[in-house]
Amino acid sequence: MTQTAPAGIVRRKGLRHRLMRILLFAVLGVFCLYYLLPLFIMMATSLKSLDEIRTGTLVSLPRQITFDAWLKAWGSACVGVRCDGLKPYIWNSVLMVVPAVAISTALGAVNGYALTKWRFPGANTIFALMLFGAFIPFQVVLLPMARTLGVLGLAGSVSGLILVHTVYGLAFTTLFFRNFFMGVSDGIVQAAKIDGAGFFGIFSQIVLPMALPAIVVTVIWQFTQIWNDFLFGVAFTVGDSNPVTVALNNVVNTSTGVKEYNVDMAAAIITALPTLLVYVLAGKYFVRGLAAGAVKG
Amino acid sequence: MASIRLDKVWKKFGTTEVIKGIDMSIREGEFIVLVGPSGCGKSTLLNLIAGLETLSGGGIFIGGDLVNDIPPKDRDIAMVFQSYALYPTKSVRDNMSFGMVTRHVPQGEQAAALAEVAELLHIETLLDRKPGQLSGGQRQRVAMGRALVRKPAVFLFDEPLSNLDAKLRIEMRTEIKRLHQRLGKTIVYVTHDQIEAMTLASRIAVMDNGHVRQFGSPEDIYERPVDLFVAGFIGSPSMNLFKGRVTEQSGLRLQVEDPAGVVHFPIPKNLQDAASPFLGRELILGLRPEAMVREGAHRPGSETFSFDRMIDVVEPTGPDTMLVFTLGGIEAIGRVDPQDKVSVGTKFRFEVDMSRAKMFDPATGLHL
């Protein structure tokens with residue numbers, strides 16, 4: 001794709017068409033506001049003091065900007081009886097998300113490669129069954145998974161959560177890589193076979209380097225899913241091993257004392273920040289990767 | 001270098017039979033072209049020789065050894081793919097040396113082989129580029145280079161020129177032929193382009209529907225097609241096939257009729273005996289376009305015969321002009337000198353060299 005100036009769009013002239021265009025952009029503007037307003041209110045509220053929140057209105061800008069709420073959310077807010085803020089739980093989430101994303105992405109890549117480039121009898125059936133996993137609701141697997149983790153001795157630990165997310169993510173990662181590799185010419189793999197490379201040789205030296213867009217998409221997807229997960233976190237971890245999403249819930253839903261809206265908002269933004277950051281850094285690849293494989297050629 | 005022998009080779013995909021018992025002996029250093037329409041099984045046959053598909057029956061021998069259960073990498077072959085199949089993330093240099101790296105060829109040997117082939121194909125300046133930065137013709141050269149560096153016993157080409165534009169295709173065709181003359185390696189080359197087949201091959205195998213219809217030199221295939229399929233497939237424009245009845249009229253003649261009148265083609269002398277049992281029955285007369293020219297244009301001494309027909313379409317190609325007319329219910333083409341062209345709708349007197357005519361039995365499709 002080359003970056004050329006957009007070619008002129010041919011359209012009718014006249015008052016009616018002008019009005020329609022104005023209306024169109026007005027509607028788009030309203031949608032934009034609708035999406036951005038919550039973020040604005042969260043940011044504004046997190047920078048206000050509690051007094052200002054009580055006396056001012058919801059949408060007003062902070063009169064005096066203070067980062068106290070952010071500092072408290074990060075380091076000293078009470079999660080249950082422990083008052084260390086979100087910091088330790090962020091660390092839990094990182095310890096969980098990095099291996100879970102890495103393992104599920106790596107396995108998905110091998111699966112997708114084997115399913116498309118080393119076609120064996122029943123490959124389509126196996127893929128269909130794996131895809132089925134993507135449609136199983138979280139709630140259905142809760143009890144069997146809890147039992148499995150218990151048997152494996154991983155109940156209530158971050159390692160257990162890593163296993164759950166890896167298994168649950170495989171359906172998605174396999175789907176992404178399979179679709180990407182469908183668009184890769186079989187000739188390349190055949191050429192590599194004649195050149196003398198084997199299953200893993202072709203994978204690591206030829207196929208995987210080509211799959212960078214698919215890797216980026218899968219990593220972003222898995223990172224977002226796993227980081228944002230609440231249900232598995234709350235079901236399979238206890239207290240100190242909670243991921244940050246569960247800790248956030250515990251901060252916000254505390255029933256004692258004054259409701260500190262500014263701290264709640266700051267904590268919510270802190271929790272959401274890593275996924276936002278990943279989108280900003282790799283979003284370009286994300287769109288490109290989603291489109292890859294959609295069109296052959 | 002190695003010979004190749006196919007012994008009753010069968011290939012089925014599920015219940016579909018793609019290759020139906022092919023026997024073929026390829027001598028060392030021959031340039032064999034497999035040609036046929038889409039879906040005739042030519043690429044599958046090539047993949048079977050390469051080891052990229054498993055056999056359903058029969059045997060394949062390379063250099064005298066049965067290779068049915070030998071994986072592609074151990075067959076001492078190299079292949080050039082239609083899509084080039086270059087590794088997009090590797091430089092040209094790494095693309096070409098990948099096969100040597102996986103075989104643990106010493107560095108020095110690798111560099112020497114690479115330099116030699118790069119010079120042979122004039123791609124020295126491209127070695128550090130990625131395939132995405134190359135033009136179609138350059139990619140084609142790199143794909144060939146990747147096959148050449150390993151110095152295999154057999155080269156397999158799968159429609160290597162079909163993605164190139166017309167001019168480049170003709171250049172590369174000549175280059176491939178020159179390479180073969182220089183290296184003298186056994187080559188099996190798949191194409192659907194019968195001109196490529198004619199120009200390159202030492203022998204052509206014309207394939208149809210999983211069978212080899214005819215296996216012979218280009219001249220054999222062109223001048224002595226064994227059946228209607230080969231006659232119709234090879235040659236461009238293709239051979240005119242007129243259906244007519246054999247009659248006796250001062251010698252055997254073939255009577256071709258249509259609303260515009262009757263034409264009595266004299267059956268050529270060498271085919272009279274074979275045609276005589278068909279007296280009163282139908283036969284098919286095959287005449288190549290170049291066998292039908294302006295009256296008086298044939299070399300003297302040939303068995304000439306003339307007839308008139310109205311011209312429907314005139315197609316100048318430059319060196320020749322095609323005159324399209326209707327005879328016996330088919331659209332026929334005569335290939336005349338551009339100076340002999342006439343305008344559409346006028347009568348033209350064609351002269352046919354009957355010694356170049358082919359005769360086919362309509363029931364079996366075989367040449368008499």
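Each chain gets a letter, A, B and so on, in the order its sequence line appears, and its residues count up from 1.
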Produce the donor-acceptor pair table for chain B versus chain A, cut-off under 3.5 Å.
unit_1   : atom_1 : unit_2   : atom_2 : d
B/Tyr87  : OH     : A/Ala191 : O      : 3.4
B/Tyr87  : OH     : A/Ala192 : N      : 3.2
B/Tyr87  : OH     : A/Asp195 : OD2    : 2.7
B/Thr102 : OG1    : A/Asp195 : O      : 2.5
B/Arg103 : NH1    : A/Asp195 : O      : 2.7
B/Arg103 : NH2    : A/Ile194 : O      : 3.1
B/Arg150 : NH1    : A/Asp195 : OD1    : 3.2

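At a threshold of 4.5 Å between non-hydrogen side-chain atoms, the residues B/Phe98 and A/Ile206 count as touching. For the pair A/Ile188 and B/Pro88, the minimum side-chain heavy-atom distance is below 4.5 Å.
By the neighbour-count criterion of 12 heavy atoms within 6.0 Å, atom CZ of A/Phe200 is sparsely surrounded, having that number or fewer from other residues, nucleotides or ligands. Heavy atoms from other residues, nucleotides or ligands lying under 6.0 Å from CZ of A/Phe25 number 12 at most.
Heavy-atom distances place the backbone of B/Leu86, and not its side chain, under 4.5 Å from chain A. Heavy-atom distances place the backbone of B/Ala78, and not its side chain, under 4.5 Å from chain A.
Every residue meeting the salt bridge (Lys or Arg N to Asp or Glu O under 4.0 Å) condition with B/Glu175, not counting sequence neighbours, appears here in chain and number order: B/Arg141.
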